[in-house]
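Down below is the structure, laid out as structure tokens.
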Amino acid sequence: MYWKFIKHAFLKRKILVSLTFILTVIFCLFTYRIIMSNMYVHQGEQELQPLVAKNVVVGNNQTANYQYKKISKNKVDADNKAKKVFDFLDKNYKYAFRGSIATNIPKTSKNIEFNLVNENFFKFYPLKVNQGSNFVARDYRNSQNTIPVLVGSSIKQLAHVGKKFNMPDPYTNKMQHYQVKGILVNNAHIPSLYLLDNKTYFNNAIITPFLPSNKKKMDVYQLDSGLQDLLLYDTSKEKINNLQKKINENGFYKVEFYPIKRNVAEYYSSYKKSVLRVVAFSLAILVITVLFLVWNLWQNLNEIKQESSSGTVFGFNKKQLIKVVALFQTFSSLLAIIPIAIFALLIEKSMEKAEGIQTFVFPHVEVVSLLLTFLLILFITIFASIITIHYFYQKSLTVKMEEVDYVVNIKNK
């Protein structure tokens, strides 16, 4: 009986049903993306709060191609300038430095990111280790031949605490000796300082301490890798301008420094506008979907009632009808969310391949976004159906009362 009712009440007009389902899937997709994006943005903002609280400013490397060509033509001169710039930075400022360069593990084709970080880096980015231990103060003053490193969880060849290995320093190409001190937790990351919904992951990365020997041998390539996202704190606007002039002197580089707080505000200003456009489009899709759903249900209920000899809808009372409709909309919403889940899985797989992100089925944010999307579309469709049924029964009752009044009037005459 339930299936017969569903078939006549919802599935009778196949083209309209198909169109409504497609629109529902589109609405779910946009809703899922909006929820997921907002969650990632909120997460990114929370992770940046320690930097905002300390009024940290960040370097933005705007060096043009012609400047890089000039640097490459006279590298010796560029190295001397880089050394002077870094000495000026090191002596006069509190800073967090991360130089990064792409390389590969010797005797393999696995690409990794080689990171050189100073001690202050971990004040703002407290990366956690799953095995072993993190760097301590003496690791940054180590004069021994073996350099301690932290290894990303996806580098299986090196993910063993205490393992020793040799590989060329990507900056100098000189062979170095390393020993794994700690293995980072899965999906260890730092937030983007510009795009709040982005992150830099360290699953395929090696992190080494910034040693005194690195400072002495500072060249233009090392400096260049650390200028972007160089953090300055506990300083003044005047001192920031002085450093900026020093870096940009004689057109050597073009670097600007911006407060993290300003970056966050500018991102939100742009983000809200783009989200509002997507929300407006999603609402338009939702309105059309609900109109199709309501019109289809109303018309079909009328036809079922007219075709019934008893003038009822398969003998269902109002509560029974609502129960059947709720069951159908639950099933329909589950069907609509399946393509979104497949889409999320494909995105997850592409991110896993590109950045080594490790997950079981979905990351936490994606699971919550899918669940909220499902609950939202379920609530909307059930609510619209219940309102339709309520008014349908109210209209039927009104018609019956008018018929009774008409018969009574005829008899009285």
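As the structure is a computational prediction, the values presented were derived from the model and not from experiment.
Applying the salt bridge (charged side-chain N to carboxylate O under 4.0 Å, His left out) criterion to E249, with sequence neighbours excluded, gives no partner residue.
Here D79 does not pair with K83 in a salt bridge; the nearest charged N to carboxylate O distance is not below 4.0 Å.
To the nearest 0.5 Å, atoms CD (E366) and CG (L345) are separated by 10.0 Å. Interatomic distance, CD1 of I247 versus CG of L223, reported as 7.0 Å (0.5 Å rounding). Atom CD1 in I155 sits 5.0 Å away from atom CD1 in I206 (nearest 0.5 Å). Interatomic distance, I342 CD1 to I337 CD1, rounded to the nearest 0.5 Å: 11.5 Å. Here S213 contributes atom OG and M218 contributes atom CE; the two are 10.5 Å apart, rounded to the nearest 0.5 Å. The structure places CG of D77 at 9.0 Å from NZ of K70, a figure rounded to the nearest 0.5 Å.
Counting only heavy atoms from C-beta outward, the side chains of I105 and L158 approach each other to under 4.5 Å. Proximity of I340 to T373: side-chain heavy atoms (C-beta onward) are nowhere separated by under 4.5 Å. Side chains of F122 and L127 form a contact here, defined as non-hydrogen atoms less than 4.5 Å apart. With contacts defined as side-chain heavy-atom distances shorter than 4.5 Å, the pair K199/Q43 qualifies. A heavy-atom distance below 4.5 Å is found between the side chains of F374 and L378. Side-chain atoms of I34 and S282, non-hydrogen and from C-beta on, do get closer than 4.5 Å to each other. In this structure, the side chains of Y125 and V117 stay at 4.5 Å or more apart for every pair of heavy atoms. By the 4.5 Å heavy-atom criterion applied to side chains, D229 and Y194 are counted as neighbours.
Closest approach of Y253 to V220, counting heavy atoms only: OH-CG2, 3.4 Å. Residues D90 and Y95 approach most closely at OD1-OH, 2.6 Å, considering heavy atoms. The two residues Y171 and G99 have their closest heavy-atom pair at OH-C, 3.3 Å. Minimum heavy-atom separation, S332 to F21: O-CE1, 4.2 Å. When every heavy atom of N134 is checked against every heavy atom of V129, the shortest pair comes out as N-CG2, 4.1 Å. Nearest heavy-atom pair, G251 versus Q67, reported as atom, atom and distance to 0.1 Å: O-NE2, 3.0 Å.
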Intermediate values then yes/no, side-chain contact (heavy atoms from CB on, under 4.5 Å), L184 and S153: CA-CA 6 Å; L184 296 170; S153 57; 5.8 Å; no
Candidate pair Q176 and T208, rule side-chain contact (heavy atoms from CB on, under 4.5 Å), full reasoning: CA-CA 12 Å; Q176 294 284 3; T208 67; over 6 Å; no
Candidate pair I338 and V25, rule side-chain contact (heavy atoms from CB on, under 4.5 Å), full reasoning: CA-CA 9 Å; I338 288 173; V25 172; over 6 Å; no
Step-by-step side-chain hydrogen bond (donor to acceptor under 3.5 Å, both in side chains) determination, N187 to N203: CA-CA 6 Å; N187 302 331; N203 291 321; 3.0 Å; yes
Verdict with reasoning, K174 to K217, per side-chain contact (heavy atoms from CB on, under 4.5 Å): CA-CA 12 Å; K174 180 183 176 182; K217 298 175 183 178; 3.9 Å; yes
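Checked by atom type and distance alone, the side chain of N241 never pairs as donor or acceptor with a backbone atom of E238 at under 3.5 Å. In this structure a side-chain-to-backbone donor-acceptor pair under 3.5 Å is present from Q179 to G162. T103 places no side-chain N or O within donor-acceptor distance of the main-chain N or O of N111, the cut-off being under 3.5 Å. In this structure, the side chain of E256 does not engage the main chain of N60 through any donor-acceptor pair within 3.5 Å. Side-chain atoms of D197 do not come within 3.5 Å of backbone N or O of N38 as any donor-acceptor pair. Between the side chain of T200 and the backbone N or O of H189, no donor-acceptor pair lies under 3.5 Å.
Residue pairs meeting the ring-ring contact (aromatic ring centres under 6.0 Å, His included) criterion with at least one member in residues 209-232, sequence neighbours excluded: F86-F210, F97-F210. Identified under the ring-ring contact (aromatic ring centres under 6.0 Å, His included) test for residues 254-273, with sequence neighbours left out: Y267-Y271.
Within a 6.0 Å sphere centred on NZ of K239, other residues, nucleotides and ligands contribute more than 12 heavy atoms. Open room surrounds CG on N65; 12 or fewer heavy atoms of other groups in view lie less than 6.0 Å from it. Counting heavy atoms of neighbouring residues, nucleotides and ligands inside a 6.0 Å radius, atom NZ of K75 exceeds 12 of them. Heavy-atom neighbours of I15 CD1 from other residues, nucleotides or ligands within 6.0 Å: at or below the threshold of 12. Crowding of H160 atom NE2: a count of heavy atoms from other residues, nucleotides or ligands under 6.0 Å exceeding 12. Within a 6.0 Å radius of CZ in F383, no more than 12 heavy atoms belonging to other residues, nucleotides or ligands are found.
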